[in-house]
Amino acid sequence: MSLSWSAKDHKNTNQPAAAGQKRSRSDSGNKVTVVLGAQWGDEGKGKVVDLLATEADVVCRCQGGNNAGHTVVVDGKEYDFHLLPSGIINPKSTSLIGNGVVIHLPGLFEEGDKNDKKGLVYSKFAKVVVDGLQETERQAQEGKNIGTTKKGIGPAYSSKASRTGLRVCDLLGDFKDFSTRFKNLVHQYQSMYPSLTVDVEDQLKKLKEYAERLRPMVRDGVYYMYEALHGPPKKILVEGANAALLDIDFGTYPFVTSSNCTVGGACTGLGIPPLNIGDVFGVAKAYTTRVGIGAFPTEQLNAVGELLQTRGHEVGVTTGRKRRCGWLDLVIVRYAHMINGFTAIALTKLDILDVLDEIKVGVAYKLNGKRIPHFPANMDVLHKVEVEYETFPGWKTDTSAARKWSDLPAKAQNYIRFIENHIGVPIKWVGVGKSRECMIQMF
């Protein structure tokens, strides 16, 4: 299978342009391919990354933390990843945990012990989630009100913004200074949540052990990426966590994650210029799901929703919660495209729709009987919108054995072409099953 990586006209240089010299686009270095979620997460990004990673030299995670859950099936074996890039299955590629990622060290080593860590690199600027501060009274309250994964991601990003957070480079530096900062952070949280108890010395002992295990794998993330971009031609893949509608700035706020999981997060999370962004692949299910609370205009609280949940095995990899299910909402996919500029879409889990007599697709929102031209930023408004649907006849045929476009029923092809035309982005892959082989490549 041939993939369209954008490094063919690369001119080797390890040095920035000289003062006064302009660098053209053709010698800006290798381009990175970015894979992002186009809905509320759980779209099957891991499967797309796994597919692309078979030809990648470097696979990067740029934001989020162990709140993400990516499931990949290779040769009949199922892998669940939370922090490690899905591309780690490929022994020929290097996996990078970037500057914008927050690391839960106990979870990291628990996950890492199950997988081959060769070729795994951590940026020294990555943030550290403090284990002893995770399951606090605040977390329980936040989880109830916002629907978080309770993995400590919110506190880590909050401390980052308040400049009291801890980074990998701090952990690997002067441990006496790190200990002081750790104690100050604990005191800060205890002043906010008096019921919080932390065994500080026990935590510091564990952190010191983790530091030595982590040390051999740590690099300067900015220089690492610069050398990857401007050294010999490389295929570099960026795996986004979460999804566009969970972005802290552009998502369905406040029911969002704590990081930028749109394309800008690839630049800020890895320290790479926008000029080096090549293909941006969006991933969307052939229907819509959401974990937790928040507005969901196309949700089906009926037999259709139950069928999608059951047939699609819609249970969160990280949370274990059942996912809410509904018809495909093209309003949110088009909105995600506006922000990310998708060059192509991967449409996953088409086979889940195989048994339906008819299939609906949300194409517009109405408020007081009138179409609204933009995706509403206000969640009160989103709760009130009425969805305008297009209805398609079901194909009532098992598509799980399809391996090329011509294998799909005509009615399924019509459904796919409608989606493609409505959002104005070509569909490059169609997924009809769990494994890598079940991704039909269209071009």
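On a predicted model such as this, the values are computed, not experimentally measured, just so you know. Throughout, numbering of the chain's residues begins at 1 and tracks the sequence.
For the pair Glu55/Ser93, no side-chain contact is recorded, criterion being any heavy-atom separation below 4.5 Å from C-beta on. For the pair Pro297 and Tyr365, the minimum side-chain heavy-atom distance is below 4.5 Å.
Note that the CD1 atom of Ile339 and the CG atom of Asp247 stand 7.0 Å from one another [nearest 0.5 Å]. The NZ atom of Lys434 sits 13.0 Å away from atom OG of Ser400, with the distance rounded to the nearest 0.5 Å. A distance of 6.0 Å separates CG of Leu308 from CG of Leu356, quoted to the nearest 0.5 Å. Here the straight-line distance linking atom CG of Leu270 with atom CE of Met225 works out to 5.0 Å at 0.5 Å rounding.
For the pairing with Ile416, the side chain to side chain contact (heavy atoms under 4.5 Å, CB included) check across Ile440, Leu350, Ile345, Asn421 returns one residue only, Leu350.
Proximity of a side-chain donor or acceptor of Thr54 to a complementary backbone N or O of Asp50 within less than 3.5 Å is not detected. For the pair Arg61 (side chain) and Val238 (backbone), a donor-acceptor distance under 3.5 Å is absent. With hydrogens and angles ignored, the 3.5 Å screen pairs a side-chain donor or acceptor of Lys285 with a backbone N or O of Asp42. Between the side chain of Lys47 and the backbone N or O of Gly431 there is no donor-acceptor pair closer than 3.5 Å. Side-chain N or O atoms of Thr343 include one that pairs as donor or acceptor with a backbone N or O of Val280 at under 3.5 Å.
Under the ring pair (Phe, Tyr, Trp, His ring centres under 6.0 Å) criterion, Phe375 pairs with Tyr335, not counting sequence neighbours. Under the ring pair (Phe, Tyr, Trp, His ring centres under 6.0 Å) criterion, His422 pairs with Phe418, sequence neighbours left out. Listed by chain and residue number, Ala38, Ala244, Asn340, Phe342 satisfy the side-chain contact (heavy atoms from CB on, under 4.5 Å) test with Ala336 (two or more places apart in sequence, or in another chain).
Counting only residues at least two apart or on different chains, the side chain to side chain donor-acceptor pair (under 3.5 Å) pairs with a member in residues 405-419 are Lys404-Asp407, Arg417-Glu420. Contacts classified as salt bridge (Lys or Arg N to Asp or Glu O under 4.0 Å) and involving residues 332-353 (residues at least two apart or in different chains) are given here: Glu314-Lys349.
Ring centroids of Phe255 and Trp40 are separated by 6.0 Å or more, keeping the two rings apart.
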Which donor-acceptor pairs under 3.5 Å do the side chains of residues 389-397 make with protein atoms, sequence neighbours left out?
residue	atom	partner	partner atom	Å
Trp395	NE1	Asp354	OD1	2.7
Lys396	NZ	Val355	O	3.1
Lys396	NZ	Asp357	OD1	3.0
Thr397	OG1	Trp395	O	2.8

